[in-house]
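Reading through the structure tokens given below for one structure.
A, B, ... follow the sequence lines: proteins, then strands. Residue 1 opens every chain. Side chains included, hydrogens not; waters and symmetry mates left out as well; all remaining heavy atoms used. Because the structure is predicted, anything quoted here is derived from the model rather than measured.
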Amino acid sequence: MAPARAVVVPADRTARAEDREIDAVIAWFADEGRDLPWRHEGVSAWAILVSEVMLQQTPVVRVLPRWREWMERWPEPADLADAPTAEVLRCWDRLGYPRRALRLQECARAIVREHGGRVPHGEEALRALPGIGEYTAAAVTAFAHHGRAVVVDTNIRRVLARSVLGRPVPDRSYSAAERALATRSLPAEQGRSVAWNQAVMELGALVCTARSPRCELCPLKAQCAWVAAGRPAAEEGSRPRQAFEGTDRQMRGKIMAVLRQDGSSREAPLFALDAEDPARVRRCLESLITDGLAVRNGAEVRLP
DNA sequence: AAATCGGGGTT
DNA sequence: AACCCAGATTT
């Protein structure tokens, strides 16, 4: 399990070896990291927070255009707080999981109400905001406030699972042991910790990818436990994942697409979205209303 | 710990 | 057709 170099090496030599690994990854990022707009100098903490929420389960390429438009329309938390929610949901478009858009607006309102319109510092205060969980609080702390935080996203999980544990994929669920590993791996010095978080995340996105990792380009290839083990394949997925086709999630998406397009709709036409299963349409409609993503007035349904 | 919550590009 | 993506929230 543990990497070979963990075996009884003088503390100072271990430290220097780890420092070289860290520097190699940071240097790789300086050369190969993408020029993403939310990484630019002078981008506000709010803009970075928005990017992080949009990036929750949505790939970078799809976030880019939405983020640009969003920040142009609502550059400050107060702007989003005052926006019509229907417009917010339209601008969110097809980023997926539209509850994130709702929570982001609630987040903006909480920032205005409780923090004077400024993104608060500190992971505890950040986590208290709607839609901000462990990852996003750490990411905002690191990338917006340049603080030392244990950032663990899907990319970092994969890089650590492979390079340190020698495993092809991380576990399904995020464990305390995994958090401890990420904590141990984080450089002690603040500036280096920020660079490390950014660099490892990018390494996972560009090189140590889920499908076809490009190990030949990896700054960690010489000391990667997974490479050393001969890059063993992952076990076959024990459970087939739930298909998307035919799920409530898909139907909710279809209904939201209609509401974004038309602003409102009579209820009856929505049942044409699945003539085979009106109960499903009904169920999804009710759940959207419960979630605050749609409102009913009379025989019509519209965006909130 | 597991389920639920979109949507689309890649393989 | 399956897999994956800068996760959060609820149960």
Side-chain angles (χ1 to χ4, degrees), chain A residues 29 33-34 36-39 47-67 89 92-104 106-107 126-144 149-160 168-179 182 194 197-206 208-213 233-234 236-260 283-284 287-288 290-293:
Chain A
F29 177 76
R34 290 167 293 183
L36 300 176
W38 43 83
R39 290 177 178 165
I48 291 171
L49 187 156
V50 170
S51 79
E52 292 298 347
V53 172
M54 288 183 169
L55 287 163
Q56 291 167 1
Q57 297 290 282
T58 302
V60 168
V61 287
R62 234 186 310 161
V63 166
L64 281 168
R66 301 291 88 223
W67 182 81
L89 289 171
W92 190 261
D93 196 40
R94 292 167 298 178
L95 287 181
Y97 298 141
R99 291 193 292 198
R100 287 184 293 161
L102 236 40
R103 293 195 184 117
L104 190 49
E106 293 166 9
C107 177
L126 287 164
R127 282 212 57 167
L129 297 169
I132 308 297
E134 179 175 344
Y135 162 77
T136 306
V140 169
T141 296
F143 307 138
V150 180
V151 178
V152 187
D153 77 324
T154 185
N155 292 305
I156 293 181
R157 291 188 69 201
R158 188 172 51 250
V159 173
L160 293 179
V169 292
D171 288 333
R172 280 276 218 199
S173 55
Y174 179 53
S175 65
E178 215 178 331
R179 184 182 295 104
V194 173
N197 281 324
Q198 192 74 266
V200 177
M201 198 178 302
E202 191 76 338
L203 191 62
L206 299 183
C208 193
T209 54
R211 302 291 182 88
S212 319
E236 290 304 315
S238 47
R239 275 190 322 283
R241 223 185 260 189
Q242 187 191 29
F244 180 54
E245 187 67 28
T247 59
D248 283 3
R249 211 144 94 238
Q250 184 192 37
M251 176 56 62
R252 283 165 56 104
K254 287 182 178 177
I255 295 172
M256 288 302 292
V258 170
L259 297 184
R260 279 196 308 268
R283 181 173 68 244
C284 290
S287 75
L288 288 172
T290 299
D291 288 348
L293 288 165

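Base engagement by A/L36 is indicated by at least one non-hydrogen atom pair under 4.0 Å involving a base atom. Across all strands, A/W38 comes closer than 4.0 Å to base atoms (heavy-atom distances).
Side-chain to base pairing of A/T58 with B/dG8: no donor and acceptor N or O lie closer than 3.5 Å to each other.
Along DNA chain B, the nucleotide nearest A/R94 and the nucleotide nearest A/S173 are compared for position; the residue whose nucleotide lies closer to the 5' end is A/S173.
Rounded to whole Å, the distance from OH on A/Y97 to P on B/dC5 is 9 Å. In this structure, A/L64 places its CG atom 16 Å from P of B/dG8, rounding to the nearest Å. Rounding to whole angstrom units, CE of residue A/M54 and P of C/dC5 are separated by 20 Å. Separating the CZ atom of A/F143 from the C1' atom of C/dA6 is a distance of 8 Å, rounded to the nearest angstrom. Put simply, CD on A/Q198 is 9 Å from C1' on C/dA6, counting in whole angstrom units. Remark: P of B/dT4 and CG of A/D248 are 9 Å apart, rounded to the nearest angstrom.
Remark: A/R100 is not in phosphate contact with B/dG6, judged by side-chain N or O atoms under 4.0 Å from OP1 or OP2.
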Protein-nucleotides 9-11 of chain B N/O pairs under 3.5 Å:
{"from": "B/dT11", "atom 1": "O4'", "to": "A/R211", "atom 2": "NH1", "distance (Å)": "3.1"}

Nucleotide N/O of nucleotides 8-11 of chain C paired with protein N/O under 3.5 Å:
{"from": "C/dA8", "atom 1": "OP1", "to": "A/G133", "atom 2": "N", "distance (Å)": "2.9"}
{"from": "C/dA8", "atom 1": "OP1", "to": "A/T136", "atom 2": "N", "distance (Å)": "3.0"}
{"from": "C/dA8", "atom 1": "OP1", "to": "A/T136", "atom 2": "OG1", "distance (Å)": "2.6"}
{"from": "C/dA8", "atom 1": "OP2", "to": "A/Y135", "atom 2": "N", "distance (Å)": "3.2"}
{"from": "C/dT9", "atom 1": "OP1", "to": "A/G131", "atom 2": "N", "distance (Å)": "2.7"}

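Between B/dT4 and C/dA6, the distance separating the two P atoms is 24 Å to the nearest Å.
In this structure A/T209 satisfies the side-chain hydrogen bond (donor to acceptor under 3.5 Å, both in side chains) test with no other residue, sequence neighbours excluded.
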